[in-house]
Protein chains: 2
Amino acid sequence: MLSKTCVETFFTKQMQTYLPHLSVDCVVFGFHDSDLKLLLTKWKHMNIWALPGGYVGRRESLDDAAHRVLRHRTGLRHVHLRQFHTFGTLNRREGSSRKLWDGLGVRAPRDAWPLHRVVSIGYYALVDFSRVRPKADYVSDACTWYPLRDRPMLAFDHDAMVEHALAALRESLDSPTASATLMPESFTMPELQRLHEAILGKPLDRRNFQKRMLERGVLERLPYRRTGGAHRAPFLYRFHSRLRRAGL
Amino acid sequence: MLSKTCVETFFTKQMQTYLPHLSVDCVVFGFHDSDLKLLLTKWKHMNIWALPGGYVGRRESLDDAAHRVLRHRTGLRHVHLRQFHTFGTLNRREGSSRKLWDGLGVRAPRDAWPLHRVVSIGYYALVDFSRVRPKADYVSDACTWYPLRDRPMLAFDHDAMVEHALAALRESLDSPTASATLMPESFTMPELQRLHEAILGKPLDRRNFQKRMLERGVLERLPYRRTGGAHRAPFLYRFHSRLRRAGL
DNA sequence: CCAAAAGTGTTGCAATTACACCCATGC
DNA sequence: GCATGGGTGTAATTGCAACACTTTTGG
């Protein structure tokens, strides 16, 4: 645990170096075990979960702020990030942010902006699950993956953010980029199908799915098969290199 | 023209009553003479045009701020408004906002936030052209309609905002709401078609268009025709009452 | 009576959906 | 050998795009 003074210094520094009343929150999607996953953080000393987020530097663009948050939480540099909505109702934090600082033992000034109204720009991120090394930070105990459909309740309006992000992700699914950034380097066709099914929330026809994916001309069939599983070994595929912008 | 002190008071008040570094900008679409129109404001004493915009009150939601801006510029209360993107790069104002205040004869403090970085939430508005009574304000000489395709260059990144808003409008065109809010109470089918053509930027087939519109089941054919024009008089239609949320 | 716009219905294509057969693998 | 999943092709449907003729009106 950090010392009181350390946390209070952190708080004060925050108010100077960031744009007031503004934050970014990231809905980080991953795919693992045939299942969409969300990266969530837990408030230190409390049983409250929230989306990874952060404030916006005074000399930092919104996109850069979101990238910085993602880099700190996942270790990845070039993440596929997309702004989807800005949340700016009056009651969206409903005083619960006070609890976060109380939990840390910080007596923040009454008029400090992080305790009052904050407008948050929502981003969703698509990452290769297997490359992510989740990291907690000053204000969080834990940073871990949860299944989208079986996650804890989230703080503030973060559940609404997730729904909004998921809707935006569905829209973008016709572009190969979304799949390319969520899947590992190589994968089988049924695995790719399960990703699409998880995002759309409905089953798809195996044959029609494969046909459409191949017609897009962005997949390359590798001369290997995924062996070891029960039943017939499926082919491995990968996206053409220009789509595989590695998230280092 | 306002006196110097009056404008300076306005400036100072602004910094207190609004959330710093934040604004809303509105892309206001209207439809008239078979043509999409934009509502633009001109900076006082300068030949610079911009989107209607404003700052966000400390106790005001983003949506409310956009509604307030629209109410002041158009006189309309219940406008169809939709957030489409938030613009937050570092260079989006490029010092030009200084010129606005210089033009008004205001010597604003160097560290005043309206002279520096501002993050802007973009909204688009769909209004019934015939109901709008454009009004200028403290910082603008003029507030008038311009044809979308033949408009002056806009300040800041406002041209990019217009393109973004137009893309969002195109997306929403399959819902009858967009058409219902842009058209007057009653209209002919060819008029409605010209609206769709203006938004999509391409000609549509008369017969297929009419078929699709009627299949949606939201139009009501009135027992009148538009007379007076040359050629055969077209029928008048209106949207069913639940879609005609009057913008008073 | 002619030009130009409006009202209506049919036909054909293309994209999507539904569906059936064979193959490989583990138990 | 049988249950389960994977690989491939074809038939049916449906939604959309293309298109022709008649009617009305002003000049």
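Reckoned from all heavy atoms, side chains included, excluding hydrogens, waters and symmetry mates. In what follows, every chain begins at residue 1, and chains take the letters A, B, ... in the order their sequences are listed. In this text the structure is predicted, and so the values were computed from the model without any measurement.
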Interatomic distance, A:H231 NE2 vs D:dG5 P [rounded to whole Å]: 5 Å

Using distance only, find each side-chain donor-acceptor pair of residues 26-40 of chain B under 3.5 Å and give its atom names and separation, not counting sequence neighbours.
residue, atom, partner, partner atom, Å
B:D35, OD2, B:K37, NZ, 3.4
B:K37, NZ, B:H32, O, 3.0

side-chain hydrogen bond (donor to acceptor under 3.5 Å, both in side chains) involving B:R226 - partner list, sequence neighbours excluded: B:E191

Any side-chain donor near an acceptor of the partner, B:H80 and B:T177, under 3.5 Å: no

Partner set under salt bridge (Lys or Arg N to Asp or Glu O under 4.0 Å) for A:D64, not counting sequence neighbours: none

Residue mapping more 5' on DNA chain C - nearest nucleotide basis, A:R206 or B:F235: B:F235

Contact letters for nucleotides 11-17 of chain D, in which S counts primed atoms plus P, OP1 and OP2 and B counts the base, heavy atoms under 4.0 Å: ------B

side-chain contact (heavy atoms from CB on, under 4.5 Å) involving A:P176 - partner list, sequence neighbours excluded: A:R216, A:V218, A:F239, A:L243

Ring center gap for B:W43 and B:F156 short of 6.0 angstrom: yes

5' to 3' contact window, DNA chain C with chain A (heavy-atom distance under 4.0 Å): C:dT17 to C:dG26

Enumerate donor-acceptor pairs with a distance under 3.5 Å from any side-chain N or O in residues 122-129 of chain A to protein atoms, sequence neighbours excluded.
residue, atom, partner, partner atom, Å
A:Y123, OH, A:D63, N, 3.3
A:Y123, OH, A:D63, OD1, 2.5
A:Y124, OH, A:S172, OG, 3.4
A:D128, OD1, A:S130, N, 3.1
A:D128, OD1, A:S130, OG, 2.8

Qualifying residues under side-chain contact (heavy atoms from CB on, under 4.5 Å), relative to A:S23, sequence neighbours excluded: A:D25, A:Y55, A:V118, A:S120

Pairwise 5' ranking along DNA chain D for B:R232 and A:R194, keeping only the more 5' one: A:R194

Results of side-chain contact (heavy atoms from CB on, under 4.5 Å) for A:E197 - residues two or more places apart only: A:Q193, A:R194, A:P203, A:L204

Distance, rounded to the nearest Å, where B:Q210 contributes CD and D:dT22 contributes C1': 15 Å

Set of side-chain contact (heavy atoms from CB on, under 4.5 Å) partners for A:S186, sequence neighbours left out: A:L222, A:L236

Qualifying salt bridge (Lys or Arg N to Asp or Glu O under 4.0 Å) pairs with a residue from residues 141-158 of chain A, counting only residues at least two apart or across chains: A:K42-A:D141, A:R92-A:D157, A:R151-A:D159, A:R151-A:E163

Rounded distance (Å) that lies between atom C1' of D:dG6 and atom CG of A:L192: 15 Å

Length of the CZ-P vector between B:R207 and D:dA18, whole Å: 11 Å

Contact nearer the 5' end of DNA chain C, comparing A:A230 with A:D205: A:D205

Residues within residues 213-229 of chain B bordering DNA chain C, heavy-atom distance below 4.0 Å: B:R221

